[in-house]
Every structure is written in structure tokens, then in C-alpha cells.
Amino acid sequence: MIPFVDLKSQYLSIKPEVDAAIMGILETCQFTLGSEVAAFEKEFAAYSGSTIGVAVNTGTSALHLSLLAAGVQRGDEVITVPFTFVATVSAIDYVGARAVFVDIDPQTYTMDVAQLEAAITDKTKAIVPVSLYGQPADMDPIMEIARRRGLVVIEDACQAHGAEYKGRRSGSIADMTCFSFYPGKNLGAYGEGGMVVTGNAEYARTLRMLRDWGAEKKYHHVLKGYNYRMEGIQGAVLRVKLRYLEGWTDARRTAAAHYDRLFAGSSVVTPKAMSYARHVYHIYAIRTQNRQAWQEALLAQGIQTGIHYPTPVHLLPAFADLGYHAGQFPHAEKAANEVLSLPMFPELTAAQCEEVARAVLNLAGETPRAASAASVS
Ligand SMILES: Cc1ncc(COP(=O)(O)O)c(C=O)c1O
């Protein structure tokens, strides 16, 4: 059996440190926020090339509060992509704004910046590019357009911890950058977690209030806020795991490079890592027009895969009220029909990559010899 992700083996590799971190919280009883969360905020902000981190309970909350801190209100428009996890668009909905979609570039699965400016109206307040699968969106043109048009940029980097754009980390480019620490993410909590990273002290002040009932100090509520605080146990666990993140990212990149070599010269469409990017491979998605058959056949051989995501948000029933219809974002729609995420996690071995690649090449009707010839082990 080759799992899609393997959280258990990662836990076992760091068990003494994680267990001690959790016990530490039980001893201090700093169950919500507290010194471990505060230390993690500083460490993760620095890791992300920025200065301030505001830890919250989920990536969705990070997006929600960033939009509020940016001043996005009911009736405003926020530009994003339809090919993303639903949370990106739900957060825009939470603040009463309308999500305006721009199609993706079919090679990178991130916002097609050539279509961005045409989507801006008098009501546009913010742009939310999504660094999908672990590769940053094309941030320079997005920031340039936003600066010229007076818009706030909130990067959805929920899948892109440690990703880089032209040598700059996700976290150091946009006005605010949102991360998720959902357990399966590249940096995953043992529960839920999220963070907004920013270099802007005013945004950070607002975010800190909003996550804790809008309070400036205890019981002095100056904003209508939320209970979005990060738990102490998550902060403590994430501090331990952050020390391993670079190694885990290197392992993901090594596994991705191995897959790339195994599929080279075949008809299998592999992810395109742009020259501007350090892709951190949260997801390694190939494309096939026979996805369902391939997914079933792989599972029958003990290989788990995933689909990220089968329906673009503009075609989800939940967002029918936005009034979009099939055919409006053809690259997102085609990708949603074809992408198939292969097993990808730091502990994935070269032999497992080879087994997966052999199975996929067989399905593609290609000779598995390509796989063995490319073996590095
Ligand atoms: C692109 C994207 N945005 C937002 C989220 C929401 O994060 P969370 O699940 O922590 O709320 C996720 C992950 O689930 C995501 O992948």
C-alpha cells in the first residue's frame, strides 16, 4: 500500500519532541494563545521572510480576517481564481463581498495575470492569488497592478509554506499572506491552525483584535470580532515541526524531481515548476483524460491518489448565486476534469515513486522501462 500522505510515520520520526511539547502545554495550561503560540508566530513569520505573524485557528480564518483587516465590506468585489479549495471563496463570502474570478494559467494552475486587469471594477478592493499545489502565483505583475490600482493583495499560501517567488518567500511579497496548518499541509498541526503573515503593523493590530473578539484589552471590544485564537498545543507542536520543515521540503522536491525523471519523455503531463519559483510540492498533480479509470486502477494496485479539485468553485452548487456558468473559465474547468494527485509526502521513498510511476506509465500504455532507466536508487 502506498498512501497519499503518511502522517503517522512523520509523527513517529519526531515523537519524543512532539510529546514533550504537548506535555509542556499541559504543565503550563496555556491552552489558547500563550507563549508557545507567540514564539511560533515570530519564528514562522521569520521563516516566511517577514516580520509579523498572527496565529489563528484555521487557514480559512486567516483569509477571513485578512479581508476584514483590508477593509473589504459588503458589496465590494474581490478577485480570485475558481480553481482552488472552496475556503478561498467562502472567506470572500463571509465578509459579504462578491468573488470575481479570473481563469488560471493551464501550466501553473495559478492566476492568469494577463486576464487580471480586465476583471477590475470600481468595486474591486482586493486580489487573492492562490499559490496552488505549493507554487507561488506570478506575484510581480499582480503586485504591480494592485499598487497602480490601489488594491490590497492577500496571498492564499495555504498550500505554499516556504515557497519562493524570485528568491522571495511566500509571506514577504503580498500585503498579507495566509497559511493553513491543517494536518496534511506541508507544515501541519495536530489539529487545526492558520496564520496571517504581514509586514504591516496596522494590519497586524487589527488582526490580533479580530481573532480575539475584537478586544483591544480584556472586555474592551472595539471591533466586532471572532473566537479565532490558535490553541497552545498547536503552537507548541508547530514550533517543533517548523525546525524540520526545510528538510521535509527538500525531500518533497527530491521526490518530485524523481517523478519528473521517471515520466520524462512519456505522454504523462507532469507539473510545471516555473523558473521564478521554488515549488514546495504540497501536491504533485499529473493530468489525464482517463482520470477515473486511472484512479480506480491505481487504488486496485494499492496506490492512493487524490483530486484537487474535482469542481471549480464557480460550478459548485454552493456558489450558484454568483451567477457563473460552465464554459466561462475553460482552463479551470479542464484542469478540474483532468488533474490527479499522486502520493507526495516527505517520507515517500525513491522505490515508492518508481512503483507509482510504473503503474501510471502502464496505464498510459507506455513502457515501464522508462521508469527503471530513470531510477536513481
Ligand atoms: C488553497 C487553500 N485555501 C484555504 C484553505 C483553508 O485552510 P483551513 O483548512 O486551515 O481552513 C486551504 C486548506 O484547506 C487551501 O488549500
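Atoms within each ligand, like the ligands themselves, are counted from 1 in listed order.
Here the CD atom belonging to Gln10 is positioned 10.0 Å from the CZ atom belonging to Phe345, to the nearest 0.5 angstrom.
Only the side chain of Tyr309 comes within 4.0 Å of ligand 1, counting heavy atoms alone; its backbone N, CA, C and O stay farther away. Contact annotation for Thr60 and ligand 1: heavy atoms of both the backbone and the side chain come within less than 4.0 Å of the ligand. Contact annotation for Thr84 and ligand 1: only side-chain heavy atoms (C-beta onward) come within less than 4.0 Å of the ligand.
Looking only at heavy atoms of the protein, atom 13 (C) of ligand 1 is closest to Lys185 NZ, 2.7 Å. Looking only at protein heavy atoms, the nearest one to atom 3 (N) of ligand 1 is Asp156 OD2, 2.8 Å. Protein heavy atom at the shortest distance from atom 16 (O) of ligand 1 is Gln159 NE2, 2.8 Å. Looking at atom 9 (O) of ligand 1, its nearest protein heavy atom turns out to be Ser180 OG, 4.0 Å.
Among residues at least two apart or in separate chains, salt bridge (charged side-chain N to carboxylate O under 4.0 Å, His left out) pairs with a member in residues 335-350 are Arg287-Glu338, Lys334-Glu338.
With Tyr226 as the aromatic partner, Arg211 does not meet the cation-pi criteria of under 6.0 angstrom to the ring centre and within 45 degrees of the ring axis.
Under the 4.0 Å criterion applied to side-chain N and carboxylate O atoms, Asp76 and Lys123 are not assigned as salt-bridge partners.
The atoms of ligand 1 that sit less than 4.0 Å from any heavy atom of Cys158 are 2 (C), 3 (N), 4 (C), 5 (C), 12 (C), 15 (C).
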